[in-house]
Amino acid sequence: MIYRGNRAAWAYIVARTKVMKSRLMKAEDFRKLLNMEFDEIVRYIGETEYKKEIDELGYKFTGPRLLDHALYANLARTYRKLIEVSFGASKFLITRYLEKWDVWNIINIIRGKMANVQPEVIEDVLVPAGERDLEFWKSLIVRDIEEIVKSFEGTPYYEPLSKVGSEDISKIEDELYKVYYRELLKLNPTDFAMKLFLDFIKMEIDIRNVKTLLRLKAEDATLDEIINCTIPGGYELTEEEIRKLAAMPLDEMIKSLEGYWFWDDVQIEGKSVATAEIEFDKIWIKTISKRASNYPLSILPVLQYVVLKKVEVDNLRILGWGKYYGLPNEEIERQMVIL
């Protein structure tokens with residue numbers, strides 16, 4: 001099968017990833033940036049891995065919009081590079097995992113078209129890191145919504161997209177991500193590399209679902225609303241487990257979460273849902289790191305880097321916008337995922 005690989009192939013992509021990972025910002029870098037003003041932050045970032053994007057987009061944007069566009073452009077370039085330098089099993093699995101950015105792009109294009117946003121503005125928020133390249137997404141931006149939906153005919157995404165205009169776009173977004181994960185879980189664990197990949201995907205689903213559970217329970221959502229917003233196929237949070245948890249009062253549900261792999265002494269009582277979500281993100285990163293160390297010649301170190309790169313971009317966005325609007329350092333740091 002296309003996703004089978006050997007130790008030499010994994011050693012190559014893991015070595016390439018290790019070099020890229022070494023360039024990620026450390027906790028001390030973020031804390032140093034916390035003590036800078038917004039313009040200083042942009043100058044600092046402009047001397048790092050983001051220099052190319054800051055320089056290229058500096059004539060077009062200013063302020064936090066420049067930061068946003070540069071960060072997303074760099075993220076896309078980085079992920080495309082990962083696909084380009086990989087081959088065999090690693091290329092197949094990296095490409096499949098990064099297809100989640102196809103969902104991101106579909107949603108952003110449709111939301112932009114519905115709001116009559118200018119094509120160039122929509123293009124600036126695209127992250128062509130998945131299966132389809134930037135030219136494909138640019139070709140969609142100039143079409144009307146009906147044509148955009150029709151272009152996905154014959155793909156698993158067509159069914160939810162066919163509801164555009166008749167159903168709330170946030171529900172369609174949930175359905176698109178369900179399709180993304182459902183298609184990944186159809187892969188057969190015919191070798192150990194694939195089993196590690198599928199376990200990773202199932203654990204990621206657990207993290208997404210526990211966040212959804214907490215958020216919707218805090219909003220007094222109904223049982224059916226919670227079930228409809230969660231993703232089937234988790235590692236430990238099966239559909240039956242989710243249904244059981246969703247039926248509990250919030251306090252009881254939180255206590256019942258303590259036995260799952262993602263708990264790890266999380267202290268969320270009395271904290272906001274957003275703060276609790278950050279705690280789960282930290283546990284997820286620690287878990288990935290541990291599993292990547294246990295299986296160094298596998299897809300896991302690559303997926304670890306993919307996740308850490310996205311966390312870095314998110315942290316820099318939070319930092320930039322927070323500084324631009326004068327938020328206190330403590331509040332900005334509370335929203336960041338720093339280990």
Side-chain angles (χ1 to χ4, degrees), residues 2-3 5 9-25 45-46 48-58 60-61 66-109 112 119-141 151-152 155 157 176-177 180 183-184 187 193 197 200-201 204 288 292 298-317:
I2 189 171
Y3 46 74
W10 288 116
Y12 173 78
I13 187 59
V14 168
R16 294 294 298 261
T17 304
K18 190 173 181 180
V19 173
M20 296 167 79
K21 184 184 168 190
S22 70
R23 298 180 187 137
L24 291 172
M25 292 186 180
I45 293 171
T48 66
E49 291 293 297
Y50 301 93
K51 177 177 173 54
K52 182 175 185 289
E53 289 77 17
I54 293 284
D55 289 346
E56 287 178 355
L57 294 166
K60 194 174 181 182
F61 302 104
L66 167 60
L67 195 59
D68 264 9
H69 293 306
L71 291 172
Y72 278 131
N74 178 271
L75 187 69
R77 181 171 64 86
T78 301
Y79 285 167
R80 296 304 302 178
K81 181 181 177 183
L82 263 183
I83 293 172
E84 288 163 9
V85 301
S86 59
F87 57 91
S90 60
K91 191 182 195 75
F92 175 76
L93 294 179
I94 293 166
T95 303
R96 289 302 304 269
Y97 182 64
L98 291 175
E99 280 177 21
K100 69 167 60 178
W101 290 101
D102 288 350
V103 177
W104 165 277
N105 292 332
I106 293 168
I107 288 295
N108 274 288
I109 290 172
E120 60 270 20
V121 177
I122 299 175
E123 185 182 330
D124 288 328
V125 299
L126 299 180
V127 181
E131 184 180 7
R132 296 171 173 88
D133 61 17
L134 180 59
E135 292 309 309
F136 170 81
W137 299 113
K138 284 167 71 174
S139 74
L140 290 191
I141 293 173
S151 70
F152 288 93
T155 76
Y157 296 112
L176 289 171
Y177 279 111
Y180 162 75
E183 292 301 306
L184 284 180
L187 297 171
F197 177 75
F200 173 93
I201 296 301
E204 183 172 278
I288 299 168
S298 74
I299 189 64
L300 295 183
V302 184
L303 295 176
Q304 179 194 18
Y305 171 73
V306 169
V307 171
L308 289 176
K309 178 66 180 179
K310 175 62 166 53
V311 168
E312 177 177 276
V313 166
D314 288 344
N315 280 342
L316 290 171
R317 290 187 67 239

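- When all heavy atoms are compared, the tightest approach of S151 to L140 is OG-CD2, 3.5 Å.
- Under the 30°/60° scheme for interplanar angles, the aromatic rings of Y97 and F197 are found to stand perpendicular.
- Checking E312 against Y50 by side-chain atom types alone, a donor-acceptor pair falls below 3.5 Å.
- When side chains are defined from C-beta on, R77 counts as touching K52, because their heavy atoms get closer than 4.5 Å.
- Here the CD atom belonging to Q304 is positioned 12.0 Å from the CD1 atom belonging to I299, to the nearest 0.5 angstrom.
- With contacts defined as side-chain heavy-atom distances shorter than 4.5 Å, the pair E183/Y157 does not qualify.
- Atoms CD and CZ, on E99 and R132 in that order, are 7.5 Å from each other to the nearest 0.5 Å.
- The aromatic rings of W104 and Y72 sit tilted relative to each other, their planes meeting at an angle between 30° and 60°.
- A salt bridge is defined here as a Lys NZ or Arg NE, NH1 or NH2 lying under 4.0 Å from an Asp or Glu carboxylate O, and E204 with K100 meets this definition.
- Looking at heavy atoms from C-beta onward, E49 lies out of side-chain contact with T78 at the 4.5 angstrom threshold.
- Closest of all the heavy-atom pairs between V302 and S298 is CG2-O, 4.3 Å.
- By the ring pair (Phe, Tyr, Trp, His ring centres under 6.0 Å) test, F87 is found to be paired with Y12, residues two or more places apart in sequence or in another chain being considered.
- With values rounded to the nearest 0.5 angstrom, I54 atom CD1 is found 4.5 Å from L66 atom CG.
- Here the side chains of V307 and F200 are in contact, with some heavy-atom distance below 4.5 Å.
- I201 places none of its side-chain heavy atoms less than 4.5 Å from the side chain of L187.
- Not a single donor-acceptor pair under 3.5 Å links the side chain of N74 to the backbone N or O of E53.
- The pair E84-K81 does not count as a salt bridge, with every side-chain nitrogen at least 4.0 angstrom from each carboxylate oxygen.
- W137 meets the ring pair (Phe, Tyr, Trp, His ring centres under 6.0 Å) test with no other residue; sequence neighbours excluded.
- Nearest heavy atoms, V127 versus A76: CG1-CB, 3.8 Å.
- Using modelled atom types, one side-chain atom of R80 and one backbone atom of G130 make a donor-acceptor pair closer than 3.5 Å.
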**Item:** Residues N315, M25; criterion side-chain contact (heavy atoms from CB on, under 4.5 Å); working and verdict
**Value:** CA-CA 10 Å; N315 280 342; M25 292 186 180; over 6 Å; no
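- A donor-acceptor contact shorter than 3.5 Å is absent between the side chain of D133 and the backbone of P128.
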**Derivation and outcome, side-chain contact (heavy atoms from CB on, under 4.5 Å), residues D68 and V125** = CA-CA 8 Å; D68 264 9; V125 299; over 6 Å; no
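- For the pair L98/V306, a side-chain contact is recorded, criterion being any heavy-atom separation below 4.5 Å from C-beta on.
- The minimum heavy-atom distance linking K91 with I83 is given by the pair NZ-O, 2.6 Å.
- Separating the CG atom in D314 from the CG atom in L71 is a distance of 9.5 Å, to the nearest 0.5 Å.
- We find the CD1-OH distance between I107 and Y177 to be 7.0 Å, quoted to the nearest 0.5 Å.
- Nearest heavy atoms, L93 versus W10: CD1-CH2, 4.1 Å.
- Contact between S86 and I13 at its shortest, heavy atoms only, is CB-CD1, 3.8 Å.
- Within the 3.5 Å criterion, the main-chain N or O of W101 finds a donor-acceptor partner in the side chain of N105.
- Residue K18 qualifies as open at atom NZ: its count of foreign heavy atoms under 6.0 Å is 12 or below.
- Within the 4.5 Å cutoff, the side chain of T17 has no heavy atoms near those of the V14 side chain.
- Atom CZ of R96 and atom OH of Y180 lie 8.5 Å apart (nearest 0.5 Å).
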**Request:** Quick one: do Y305 and R16 satisfy side-chain contact (heavy atoms from CB on, under 4.5 Å)? Show the steps, please.
**Result:** CA-CA 11 Å; Y305 171 73; R16 294 294 298 261; over 6 Å; no
